[in-house]
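Both counts, for ligands and for their atoms, begin at 1 and track the order of listing.
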Amino acid sequence: MSDAISKVAIIGLGLIGGSWVKGLRQKYPDWNVVGFDRNVDSMEQAQQLGLIDAYAPTAAQAVLDSDLVILSVPILATREILCEIKPFLKPSALFTDVGSVKGCVVNDIRDVFSQDLPNFVLGHPIAGSEKSGIHAADSELFKGHKIILTPLPETSASAVTLISQFWQDVGAKVELMEVSHHDEVLAATSHLPHLLAYSLVDTLAHNHENKEIFNYAAGGFRDFTRIAASSPKMWHDIFTANKDAVLDALDLFTHDLAQLRKAVAESDSTTMMGVFTRAKVARDHFSKILARRAYVEPMKTQQINYIAQPGGSLSGTFRVPGDKSISHRSIMLGSLANGVTEVTGFLEGEDSLATLQAFRDMGVVIEGPHRGRVTIHGVGLHGLQAPPNTLYLGNSGTSMRLLAGLMAGQSFDVEMTGDESLSKRPMNRVANPLREMGAEIETAAEGRPPMLIKGGSQLSGITYTLPMASAQVKSCLLLAGLYADGKTVVTEPAPTRDHTERMLKGFGYDVQVDGDTVTIESGGELTATSIDVPSDISSATFFMVAASIAPGSDITLEHVGINPTRIGIINILRLMGANLELLNEREVGGEPVADIRVRYAKLKGINIPEDQVPLAIDEFPAIFIAASCAEGQTVLTGAEELRVKESDRIQAMVDGLQILGVDIRGTEDGAIIQGFGEAGAFGGGEIITHHDHRIAMSFAVASLRASADIKILDCANVATSFPGFIELSQNSGMNITVE
Ligand code: S3P
């Protein structure tokens with residue numbers, strides 16, 4: 001289609017139009033490009049630089065016979081130029097512009113032409129530089145940048161396609177937007193920052209007391225004000241042309257700035273820290289977007305595979321990251337407490353960070369995390385605010401299920417979504433009992449996320465027997481119980497992790513535990529406290545299994561949480577003959593902790609006692625690796641819950657282990673594994689993890705006893721629970737690299 005173009009006119013020879021034409025000339029060397037600018041010097045320079053073949057004495061003469069006309073003049077000059085060129089414009093000519101405001105250009109076009117213009121495609125490239133003028137033209141200026149096209153109702157699709165093509169030719173990414181939406185968005189993201197930069201520099205430059213400012217101005221001044229060196233005429237026109245939207249953005253900013261001023265004046269640290277921490281998170285997120293590393297849906301955008309080479313043994317003393325379950329709960333209860341809660345050892349994994357972000361979105365000021373330290377400025381049980389958007393909880397089932405209970409007690413509506421894996425996980429196990437308590441909850445088909453929880457329902461306590469052993473469901477109902485009339489009584493079929501109960505007590509809230517039944521009543525308050533999060537026994541598991549199966553290994557894992565509801569892995573490995581020693585047992589903030597020494601041992605197959613299943617619920621992928629290395633048969637039963645974790649963990653492990661040559665058969669609620677014993681080994685192969693962190697780490701550990709490389713696909717989600725896994729496994733003696 002671009003063959004239809006042979007003569008091109010560019011009106012206005014500045015940085016933006018000049019850069020576009022410079023790039024286009026490289027792609028279309030046969031075009032005859034004629035330029036016009038009010039400034040003869042610019043026209044001469046453009047010709048010398050080879051950007052134009054010739055220049056015309058008037059805009060009208062430039063457009064004569066042109067197939068494509070590019071307008072690149074200050075916005076307020078548009079109308080005059082349009083009037084001038086109107087009689088000379090070929091009816092078939094394509095017309096486009098590059099202005100930063102679109103509404104006023106559309107008005108000018110409508111007034112001047114008073115007819116439908118299917119060949120007019122207005123555009124705005126989101127790129128630039130504080131430099132101006134044709135000499136600064138740069139054919140690479142638009143590479144990787146967005147160009148917003150704002151077609152009118154009558155604009156023809158073929159015209160949009162052609163202009164899009166010309167932008168793609170110079171490396172830009174085309175997006176379409178409605179005219180008024182464009183002007184509002186750009187007022188906030190571009191026009192307002194320019195206005196502030198000009199104003200700040202002007203204020204400082206004219207203040208006598210500050211006359212030395214430029215001598216001592218460092219990075220902060222430079223970074224904040226770089227754009228104040230932009231073209232004054234261009235920006236004068238932009239503010240004039242987009243007056244209403246700019247004033248709206250400025251009013252909002254002025255209001256917030258006045259609040260910040262007040263906070264500074266009153267030394268109101270919470271408000272100040274709120275503004276600064278929220279801004280920092282938002283800016284860090286933006287930096288990741290710029291570096292194309294956005295957190296949002298990282299599993300799709302980041303393709304990380306592990307290559308695990310065979311052999312090795314483990315040694316050393318080290319600490320794995322903080323407990324995921326306790327980290328989630330520390331944010332939740334800290335946010336709902338009165339006062340400031342200090343957390344140390346917080347897990348900086350994506351799952352617990354999703355919880356942290358959710359509470360920030362609901363108005364809680366949270367400082368950190370910085371090296372595991374988090375400071376939470378609690379807002380009290382009734383102090384949460386409606387989040388501005390849907391809460392995105394990534395891969396984290398714990399976040400969604402526990403939050404469901406809390407959200408059911410709020411006065412505002414909340415929608416919660418997650419990634420592909422979380423979107424497949426069952427939520428009726430929490431939604432149904434919450435509905436019995438009076439909550440109004442909508443889910444997608446079969447109780448899958450997203451979950452919409454309506455605010456303003458008064459909950460009533462219920463007496464509920466859990467149909468499955470699930471700490472998440474138990475915790476969800478206890479948290480809803482904080483807001484329910486009367487007593488909420490939950491009975492579990494088998495003991496599950498009790499971190500919620502322990503931590504509620506730590507925050508001074510009365511919780512009655514009587515055998516398998518927990519009772520909570522509303523009306524109390526949570527009082528801020530300090531929380532020292534122990535290392536996660538579920539993360540330590542990979543190293544316990546690794547040291548147990550790799551001959552010559554001897555490691556010590558420090559400060560591991562050994563809550564009795566979590567020690568299934570220790571009990572099961574010991575039954576298999578593992579050499580585990582608990583050292584330095586102590587209690588830290590209501591949770592028992594120990595250092596665990598693990599040495600290689602000859603393992604044997606066992607029938608895993610069913611009462612250990614809920615106590616080791618997250619550990620089975622790693623236990624399957626241990627069982628494969630054991631002498632004889634291991635049988636797992638009563639573990640159907642594994643089928644609804646981040647993946648169907650029974651199937652994922654059976655498939656992967658069969659690829660590595662293990663004799664394993666899956667059953668509905670477990671598996672039967674014939675271990676290859678001390679003399680045997682895993683084969684090599686390629687493992688599908690279904691983006692499940694624990695499947696990925698388990699097969700990494702298997703490599704210690706493999707005879708060939710194991711390639712493990714899609715391991716990005718290891719970051720949900722175990723940031724630094726690769727470094728720690730390499731330092732301790734495993735041979736794993738990232739592809
Ligand atoms: C968790 C409970 C368990 C566990 C999950 C964390 C918790 O889930 O698998 O990793 O923090 O309460 P279920 O309650 O679904 O068994």
Side-chain angles (χ1 to χ4, degrees), residues 321-333 346-347 349-352 354-356 393-406 418 421-422 424-433 447 449 464 466-480 490 492-504 518 531 533-534 536-542 561 563 565-569 591 610-623 638-650 652 669 692-695 697-698 717-718 720-722:
D323 188 279
K324 184 154 73 75
S325 295
I326 299 177
S327 295
H328 282 299
R329 288 158 174 83
S330 71
I331 297 293
M332 295 181 187
L333 299 191
F346 181 79
L347 168 67
E350 286 177 4
D351 277 11
S352 36
T355 293
L356 190 152
L393 301 170
N395 194 241
S396 180
T398 310
S399 306
M400 190 172 287
R401 296 210 179 107
L402 269 59
L403 269 168
L406 283 178
S421 150
L422 184 54
K424 289 187 195 136
R425 297 186 66 188
M427 293 298 148
N428 272 342
R429 53 178 60 199
V430 290
N432 286 339
Y464 190 74
L466 297 178
M468 75 292 283
S470 166
Q472 292 181 356
V473 181
K474 173 177 65 174
S475 302
C476 164
L477 299 182
L478 294 177
L479 295 174
V490 185
E492 48 186 359
T496 65
R497 64 192 68 191
D498 63 356
H499 305 300
T500 307
E501 297 90 303
R502 282 176 190 254
M503 202 183 284
L504 279 165
V518 194
I531 297 171
V533 182
D536 197 327
I537 192 167
S538 299
S539 299
T541 290
F542 300 105
N563 179 312
T565 59
R566 296 285 297 279
I567 55 169
I569 179 64
E591 289 280 351
E610 283 198 10
D611 63 357
Q612 295 301 310
V613 170
L615 310 183
I617 192 67
D618 291 335
E619 284 51 278
F620 286 100
I623 291 171
E640 59 278 357
E641 275 295 298
L642 294 181
R643 296 211 178 263
V644 290
K645 293 293 177 188
E646 285 85 327
S647 68
D648 175 344
R649 287 184 172 159
I650 294 175
D669 64 344
D692 184 330
H693 53 139
R694 299 201 197 277
I695 303 295
M697 290 186 275
S698 297
N717 273 354
V718 166
T720 60
S721 69
F722 202 148

- prompt: Roughly how far, to the nearest 0.5 Å, is the CD atom of Gln472 from the OG1 atom of Thr496?
  reply: 10.0 Å
message: Strictly below 4.0 Å, N to O, side chains only: are Asp692 and Arg649 in salt-bridge contact?
response: yes
task: Look at Glu641 together with Arg429 and state whether they make a salt bridge at an N to O cut-off of under 4.0 Å.
output: yes
Side-chain atoms of residues 612-620: list all donor-acceptor pairs with protein atoms under 3.5 Å, sequence neighbours left out, distances to 0.1 Å.
residue, atom, partner, partner atom, Å
Gln612, OE1, Asn571, ND2, 2.9
Asp618, OD2, Arg497, NH2, 3.2
Glu619, OE1, Ser538, OG, 2.9

Residue of the set Val490, Leu479, Leu402 for which side-chain contact (heavy atoms from CB on, under 4.5 Å) holds with Lys474: Val490
task: Collect the protein residues that have a non-hydrogen atom under 4.0 Å from ligand 1 and hand them over in chain and number order.
output: Lys324, Ser325, Arg329, Thr398, Arg401, Ser470, Ala471, Gln472, Arg497, Ile617, Asp618, Lys645
- prompt: Roughly how far, to the nearest 0.5 Å, is the CZ atom of Phe722 from the NZ atom of Lys324?
  reply: 13.0 Å
